[in-house]
There are 2 protein chains.
Amino acid sequence: MSSTSRSSAGREPSRRRPRVLGGDGVPTLATVADEAGVSRQTVSNALNNPELLRPETLVRVQSVIERLGYSPNRAARQLRTRSSHLVGLRFEPAQEGTSNALMDRFLHSLVEAASRTGHHLLLFSGDPADPLDGYEDLLRSTAVDAFVVTDTYAGTPQAGFLQDRGAPFVAFGRPWDDPRADHAWVDVDGAAGARLATEHLLDQGHRRIAWLGWERSSRISQDRRSGWEAALREAGVDPVGLGVRLTDNVDAARMAAHRVLEDATVTAFVCASDTLAVGVLHALAERRVQPGAQVGVVGFDDSAAAQVTWPGLTSVRQPLEQVAVELVRSLHRVLGHQPVEEQGRMLEPTLVVRRSSERGWKP
Amino acid sequence: MSSTSRSSAGREPSRRRPRVLGGDGVPTLATVADEAGVSRQTVSNALNNPELLRPETLVRVQSVIERLGYSPNRAARQLRTRSSHLVGLRFEPAQEGTSNALMDRFLHSLVEAASRTGHHLLLFSGDPADPLDGYEDLLRSTAVDAFVVTDTYAGTPQAGFLQDRGAPFVAFGRPWDDPRADHAWVDVDGAAGARLATEHLLDQGHRRIAWLGWERSSRISQDRRSGWEAALREAGVDPVGLGVRLTDNVDAARMAAHRVLEDATVTAFVCASDTLAVGVLHALAERRVQPGAQVGVVGFDDSAAAQVTWPGLTSVRQPLEQVAVELVRSLHRVLGHQPVEEQGRMLEPTLVVRRSSERGWKP
DNA sequence: CGGGAGCAGTGGAACGATCCAACAGTAGAC
DNA sequence: GTCTACTGTTGGATCGTTCCACTGCTCCCG
């Protein structure tokens with residue numbers, strides 16, 4: 001109703017014709033503004049700062065938006081605000097056989113968590129030989145607002161690179177011993193997980209509990225191992241000679257388990273991954289030893305394999321849904337340039353008990 | 001060098017200053033043009049139509065681009081060209097236990113294939129109750145160039161919706177019996193896969209080979225089953241009474257296998273999924289029957305579970321890398337509005353033989 | 001009654017790329 | 001010598017949004 005005076009330069013009548021409908025018939029801000037009898041800015045405010053509008057104007061604009069099925073053009077918005085609402089994640093080429101099933105669950109959770117704050121996930125790939133490939137280009141072209149970095153094993157340069165570059169990112173994985181690192185991170189407490197596993201086996205009456213982990217260079221494995229070791233010591237069991245290091249591979253674990261089982265006093269295994277635990281199960285099958293009933297086995301990651309393997313593999317489960325939520329929360333703080341109240345956040349894993357560690361179980 | 005006359009209203013001298021450096025110090029097209037002593041359009045041509053430039057100009061511009069580390073701003077380009085170089089994929093919430101490990105391998109392949117043509121993958125999620133949620137919004141806001149649709153089981157409305165909407169997309173999965181469908185698709189020949197599996201077991205000397213599949217409503221299962229049935233008939237074996245339908249679940253398969261094995265003449269199983277095959281392995285373990293040596297088992301999808309399960313599960317492997325490549329190729333044709341030379345493309349699976357089907361094997 | 005504050009809303013400019021029409025310069029044809 | 005064709009390059013306009021400075025208008029206070 002409130003028809004205000006509309007000033008017009010009036011020099012050249014048909015030169016500057018405000019385009020009111022996009023080329024393909026897609027409505028734009030101008031379409032909505034025209035239809036609702038307000039200016040473009042008012043429509044923009046209706047979307048981004050609704051509290052600035054008088055309630056009745058807001059309702060009117062919103063109903064036009066609804067009726068026309070208008071959504072703001074992402075490219076235009078991105079160009080103006082310099083924010084794409086996209087989060088980049090480099091998706092490494094899969095290595096078959098290893099437990100990247102973890103990735104699947106994590107990815108789902110991340111997509112969902114991000115979408116709750118209006119963000120989408122942009123997957124990209126890069127030259128496997130160059131762990132930094134792809135990042136630079138997305139940064140320069142301002143295609144993403146931030147990155148999520150997933151592999152922060154010792155020696156991976158992504159976090160350092162992005163930090164030096166001044167690019168916003170959050171890491172899934174603590175920076176371990178890099179003293180220069182001061183970026184946001186979220187991680188799961190591997191030591192606590194291994195401790196859970198070990199204490200569970202101790203509860204089942206096991207004493208001499210072996211550890212199967214990765215090479216010494218893996219900080220993740222060292223971390224988990226420390227939980228096993230501490231739990232054993234607290235129970236008065238000497239862990240010396242019970243720890244084995246090998247590559248993350250079913251067959252390597254199978255053979256290692258055979259060697260360990262030569263020592264008849266060993267009655268249980270805690271493993272740094274489900275892959276290794278599955279290898280132990282293979283060895284038990286070959287020795288015709290009942291998992292659970294005779295020898296307890298616990299894996300790590302609660303992968304799909306753990307869930308379907310016979311007779312059911314007890315495993316430490318990472319709270320990936322919660323990790324995703326925390327990552328997104330962190331991302332928001334980083335992007336909002338808010339003071340980072342805490343640099344990192346450590347989450348607690350849980351133990352999913354299945355029959356491979358249930359002593360009472362008989363097939 | 002070329003100082004041309006610069007028209008200026010003259011009222012306020014410093015109003016129209018052509019910004020040559022982005023706010024954050026990020027170089028823009030204008031920066032490069034200025035530095036190379038050419039116009040913006042020439043730089044743009046150097047990137048998009050290099051053949052239009054004189055070779056020496058091209059080299060000069062390229063060296064400046066290299067030196068400044070310039071990449072065109074994606075938002076600006078997207079706004080002007082109406083193309084985001086993003087491909088949307090709705091990433092469904094994971095259902096634990098089912099074989100979406102397939103998805104992991106597929107996703108990797110797709111990201112890689114897409115990146116080879118300069119496209120990135122945009123993952124989004126939506127209300128699980130509404131299979132169309134999310135698509136509309138991305139279309140309206142012109143956030144993606146196209147979609148990849150992965151679940152085209154009977155009754156899923158995505159393909160129909162996008163087709164009616166006139167949105168570009170490619171489906172992984174044939175349109176089955178929808179006569180209205182005329183969109184591009186890529187699929188794997190399930191019947192051929194089941195035939196491979198069945199013939200392999202026949203070669204191993206098995207005759208009465210059972211089928212474990214999903215409910216009758218699943219077209220995918222029906223398709224695979226038809227391959228098993230045909231192979232059996234050609235070998236002169238009557239498949240009647242050898243087929244079982246159940247839900248895709250380890251325990252359901254385990255119990256079904258027990259029932260089937262009451263009939264002592266059955267010596268092998270072909271399954272519509274690895275999940276079902278793992279269930280059969282569980283049943284065999286409970287009966288203390290050797291997989292492979294006594295009863296042959298073949299699964300479908302070559303999931304991580306198949307690869308680590310003891311004693312190794314023979315499985316039909318889908319050529320997902322090739323699927324991804326074909327999908328991207330199709331997408332290109334669809335986006336380029338080229339005449340679609342073929343509407344769909346059917347790829348052949350392969351059989352990965354492991355010990356669960358090797359008759360000679362002894363533990 | 002004049003003036004500062006606050007409110008709802010306006011029009012122009014800007015983001016950084018590409019599209020477009022036009023331009024200078026050269027060569028070839030008449 | 002002029003006209004046409006062609007090549008390489010140019011400046012201006014444009015895509016759709018948000019930022020910015022500003023305008024009427026009302027209200028309140030001294």
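All chains are named by letter (A, B, ...) in the order of the sequence lines, taking the proteins before the strands, and each is independently numbered beginning at 1.
In this structure, CG of B:D34 is placed 11 Å from P of D:dT10, rounded to the nearest angstrom. When the C1' atom of C:dT18 is taken as reference, atom OH of B:Y70 falls 10 Å away, rounded to whole Å. Regarding A:N49, its CG atom lies at a distance of 10 Å from the P atom of D:dT18, rounded to whole Å. Between the CG atom of A:N48 and the C1' atom of D:dG16 there is a distance of 13 Å, rounded to whole Å. The CG atom of B:N45 sits 12 Å away from the C1' atom of D:dT7 (whole-angstrom rounding). Here D:dG12 presents its P atom at 9 Å from CZ of B:R40, a figure rounded to the nearest Å. For B:L79 and D:dA13, the CG to P distance is 18 Å, given to the nearest whole Å. Distance A:R82 CZ to D:dT17 P: 18 Å, rounded to the nearest Å.
A centroid separation of less than 6.0 Å is found between the aromatic rings of B:Y135 and B:F147.
Remark on DNA chain D: of its neighbouring residues B:V38 and B:A76, the 5'-side contact belongs to B:V38, judged by nearest-heavy-atom nucleotide.
Close to C:dG16, at under 4.0 Å from its OP1 or OP2, lies no side-chain N or O of B:T28. In this structure, B:N73 does not reach the C:dC15 phosphate: none of its side-chain N or O atoms is under 4.0 Å from OP1 or OP2. Residue A:S44 places at least one side-chain N or O under 4.0 Å from the OP1 or OP2 atom of D:dT18. Applying the 4.0 Å criterion to OP1 and OP2 of D:dG8, one finds that B:T42 has every side-chain N and O outside that range.
Considering only the side chain of A:T81, D:dT18 comes nearest among D:dT17, D:dT18, D:dT9. Nearest to the side-chain atoms of B:Q41 among the listed nucleotides C:dC19, D:dT17, C:dA17 stands C:dC19.
Residues B:E321 and B:V325 fail the side-chain proximity criterion, which asks for heavy atoms closer than 4.5 Å. Between B:I65 and B:L47 there is a side-chain heavy-atom pair separated by less than 4.5 Å.
Side-chain to base pairing of A:R77 with D:dT17: no donor and acceptor N or O lie closer than 3.5 Å to each other. Residue side chain A:R80 does not reach the base of D:dT17 through any donor-acceptor N/O pair under 3.5 Å, judged by distance alone.
Taking the six-membered ring for Trp and thresholds of 30 and 60 degrees, B:F91 and A:H108 have nearly parallel ring planes, at less than 30 degrees apart. Using bins of under 30°, 30° to 60° and over 60° for the plane-to-plane angle, the ring pair B:F106/B:F172 lands in the tilted bin.
Between A:L122 and A:L86, the closest heavy-atom pair is CD1-CD1, 4.2 Å.
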* CA sep, side-chain torsions, deciding dist, call: B:D182, B:Q343, side-chain hydrogen bond (donor to acceptor under 3.5 Å, both in side chains) -> CA-CA 7 Å; B:D182 69 338; B:Q343 199 190 327; 5.8 Å; no

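Only at 4.0 angstrom or more do the heavy atoms of residues 52-66 of chain B sit from any atom of DNA chain C, so none qualifies.
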